[in-house]
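Here's the structure, in structure tokens; my notes come after.
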Amino acid sequence: MYAKASSASARSGISSSNHKKVVEFEDNRLAAIVFGQHDRNLTRIEQRLGVVLINRGNRIAIEGTEDRIGIAKSVLADLYGMASRGQPVDIGEVDGAIRMAEGVQVQPAREAGLPANPAAKQKNDNELKITTRNRVIMPRSPGQADYIRNLMKHEMVFGVGPAGTGKTYLAVAMAVARMLAGEIDRIILSRPAVEAGENLGFLPGDLKDKVDPYLRPLYDALYDMMPAEQVEKRIASGQIEIAPLAYMRGRTLSNAFVILDEAQNTTPMQMKMFLTRFGENSRMAICGDVTQVDLPSGARSGLRNALDILRGIDGIAVTRFGIRDVVRHPLVGRIVDAYGDDDGR
């Protein structure tokens with residue numbers, strides 16, 4: 001007999017109209033990684049998809065509606081692929097695999113009028129990986145998959161959407177991967193340094209001490225991609241430059257991957273100045289959330305302005321993230337949903 005994956009399974013009310021499919025994995029060791037400690041990954045899939053998973057050894061039975069079974073099979077196949085590549089399979093990866101699989105089912109029918117093709121889509125998404133020194137990064141949502149695809153293909157990419165969707169993190173990952181591959185010579189990370197109601201002049205220390213707190217998320221992403229000693233060495237040599245937006249004026253940024261974070265807090269003139277720094281063999285990623293603008297009341301966001309002006313220009317791509325793309329704690333997604341388009345004004 002099979003063993004129940006969790007106590008939740010026994011309470012999941014399977015009706016006679018539901019179906020049952022059995023999935024068998026080739027490697028018992030990898031199957032155990034997919035299931036998680038005490039089958040916690042299976043429990044998560046049950047909770048999110050409303051199916052019952054019953055496992056024994058390298059086999060797992062899926063009970064539920066036909067469409068939910070299809071999504072669950074896609075999720076399990078995705079997780080097994082991660083385990084076979086030596087990637088960790090934790091709750092975050094499970095949630096990401098579910099978002100990806102649900103996107104396969106929903107997006108083609110809703111947006112393109114085409115039938116879903118999970119196998120082809122899954123294969124395509126598995127090719128959208130970013131390899132850095134410390135980790136291999138895969139998309140955890142349909143929006144992230146579109147963003148990575150754009151970063152691979154286009155010279156200038158806008159990533160626009162709520163907090164927690166991975167806009168800056170994925171851009172830094174792509175920049176590091178291109179630098180390690182020798183495709184660019186340097187990485188330049190920038191963001192507006194002054195937030196709402198604050199003034200750099202009142203902060204203690206020299207200029208670096210004043211601006212570093214604002215640039216901390218960029219440092220954190222770098223340390224996630226490469227060993228700390230390599231990050232420090234490349235910063236010291238100028239191969240990685242982290243600077244406030246004001247330092248960009250008058251420069252031509254060639255052979256570089258340039259990232260502007262918190263772009264919603266630029267003015268239209270600042271944004272124009274930044275975009276026109278673009279040089280030969282360069283890439284740009286502009287990341288921001290138009291619902292979290294910290295400019296003075298009545299000031300127009302440079303990000304909003306650029307999205308209007310640059311619409312349809314060849315070589316520029318825009319990825320718009322939604323609530324479904326939030327990859328932080330599920331509570332973040334619910335908070336974003338509750339606020340909606342309210343920016344507090």
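What you are looking at is a predicted structure, and each value in this text was computed from that prediction instead of being measured.
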Lys129/Gln87 under side chain to side chain contact (heavy atoms under 4.5 Å, CB included): CA gap, chis, key distance, verdict: CA-CA 12 Å; Lys129 63 181 180 181; Gln87 293 178 240; over 6 Å; no
Stepwise side chain to side chain contact (heavy atoms under 4.5 Å, CB included) test for Val23 and Tyr80: CA-CA 11 Å; Val23 175; Tyr80 188 83; over 6 Å; no
Test log, rule side chain to side chain contact (heavy atoms under 4.5 Å, CB included), inputs Asn305 and Lys272: CA-CA 10 Å; Asn305 187 65; Lys272 179 182 178 183; over 6 Å; no
Evaluation steps, side chain to side chain contact (heavy atoms under 4.5 Å, CB included), between Ile242 and Leu222: CA-CA 11 Å; Ile242 304 177; Leu222 281 172; 3.7 Å; yes
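Going from atom CE of Met100 over to atom CZ of Arg140 covers 12.0 Å, rounded to the nearest 0.5 Å. Atom CD1 of Ile316 and atom CG of Leu275 lie 7.0 Å apart (nearest 0.5 Å). Atoms NE2 and OG1, from His38 and Thr43 in turn, are 11.0 Å apart once rounded to the nearest 0.5 Å. Interatomic distance, Met284 CE to Met156 CE, rounded to the nearest 0.5 Å: 5.0 Å. Leu170 contributes atom CG, which lies 5.5 Å from atom CD1 of Ile130 (distance to the nearest 0.5 angstrom). With rounding to the nearest 0.5 Å, the separation of CZ in Arg68 from CD1 in Ile62 is 12.0 Å.
Between Val326 and Ala163, the shortest heavy-atom contact is CG2-O, 3.8 Å. Contact record, Ala101 with Val75: CB-CG2, 3.8 Å, taken as the closest heavy-atom pair. Residues Pro88 and Glu93 share a closest heavy-atom pair of O-CG, 3.5 Å. In terms of heavy-atom proximity, Ala299 sits nearest to Leu295 at CB-CB, 4.0 Å. Shortest non-hydrogen contact noted between Val157 and Asn150 is CG2-O, 3.4 Å. Summarising the geometry of Arg149 relative to Leu128, their closest heavy-atom pair is NH2-CD1, 3.3 Å, with the distance given to 0.1 Å.
Screening residues 140-178 for ring-ring contact (aromatic ring centres under 6.0 Å, His included), with sequence neighbours left out, gives Tyr147-Phe321. Applying the salt bridge (Lys or Arg N to Asp or Glu O under 4.0 Å) test to every pair with at least one member in residues 245-255, sequence neighbours left out, gives these pairs: Glu241-Arg251. For the ring-ring contact (aromatic ring centres under 6.0 Å, His included) condition, no pair includes a residue of residues 274-310, sequence neighbours left out.
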Kindly list each side-chain donor-acceptor pair under 3.5 angstrom involving residues 173-190, sequence neighbours excluded, with atom names and distances?
from	atom 1	to	atom 2	distance (Å)
Arg178	NH1	Glu183	OE1	2.5
Arg178	NH2	Leu151	O	3.3
Arg178	NH2	Met152	O	3.2
Ser190	OG	Ala243	O	2.9
Ser190	OG	Leu245	N	3.2

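The shortest distance between side-chain heavy atoms of Ile309 and Met271 does not fall below 4.5 Å. Residues Leu310 and Val318 fail the side-chain proximity criterion, which asks for heavy atoms closer than 4.5 Å. Considering only heavy atoms from C-beta on, Ile259 comes within 4.5 Å of Cys287 through its side chain. Side-chain contact check for Thr266 versus Leu260: some heavy-atom pair is nearer than 4.5 Å. Looking at heavy atoms from C-beta onward, Leu79 lies in side-chain contact with Ile45 at the 4.5 angstrom threshold.
Using a distance-only test at 3.5 Å, with no hydrogens or angles considered, no donor-acceptor pair links the side chain of Glu155 to the main chain of Ser282. Side-chain atoms of Gln264 never come within 3.5 Å of backbone atoms of Leu303 as a donor-acceptor pair (strictly under, hydrogens ignored). Of the possible donor and acceptor atoms, none in the side chain of Thr252 sits under 3.5 Å from a partner among the backbone N and O of Gly279. With hydrogens and angles ignored, the 3.5 Å screen pairs no side-chain donor or acceptor of Gln230 with any backbone N or O of Pro227. Checked by atom type and distance alone, the side chain of Asp146 never pairs as donor or acceptor with a backbone atom of Gly143 at under 3.5 Å. Glu46 places a side-chain N or O within 3.5 Å of a backbone atom of Leu53 that can act as its donor or acceptor partner. In terms of modelled atom types and a separation under 3.5 Å, the side chain of Ser84 and the main chain of Gly81 share a donor-acceptor contact.
A salt bridge links Asp95 and Arg44; the closest N-O separation between the charged side-chain nitrogens and carboxylate oxygens is under 4.0 Å. By the 4.0 Å N-to-carboxylate-O rule, Glu262 lies too far from Lys167 to be salt-bridged with it.
Linking Ile, Leu, Val, Met, Phe, Trp and Tyr residues whenever their side-chain heavy atoms come within less than 4.5 Å places Val172 and Tyr223 in a single cluster. When the side chains of ILVMFWY residues are joined at heavy-atom separations under 4.5 Å, either directly or via intervening members, Val258 and Ile313 end up in a single hydrophobic cluster.
Under a cut-off of 6.0 angstrom, the local environment of CD in Glu280 is sparse, with at most 12 non-hydrogen atoms contributed by other residues, nucleotides or ligands. For Glu26, the CD atom is loosely surrounded, since the number of other residues' heavy atoms within 6.0 Å does not exceed 12.
No donor-acceptor contact under 3.5 angstrom links the side chains of Thr165 and Asp325, judged on distance only. Side-chain polar atoms of Asn134 and Thr132 form no donor-acceptor pair below 3.5 angstrom.
With sequence neighbours excluded, no residue forms a side chain to side chain donor-acceptor pair (under 3.5 Å) with Asn41. Every residue was checked against the salt bridge (Lys or Arg N to Asp or Glu O under 4.0 Å) condition with Asp27, not counting sequence neighbours, and none meets it.
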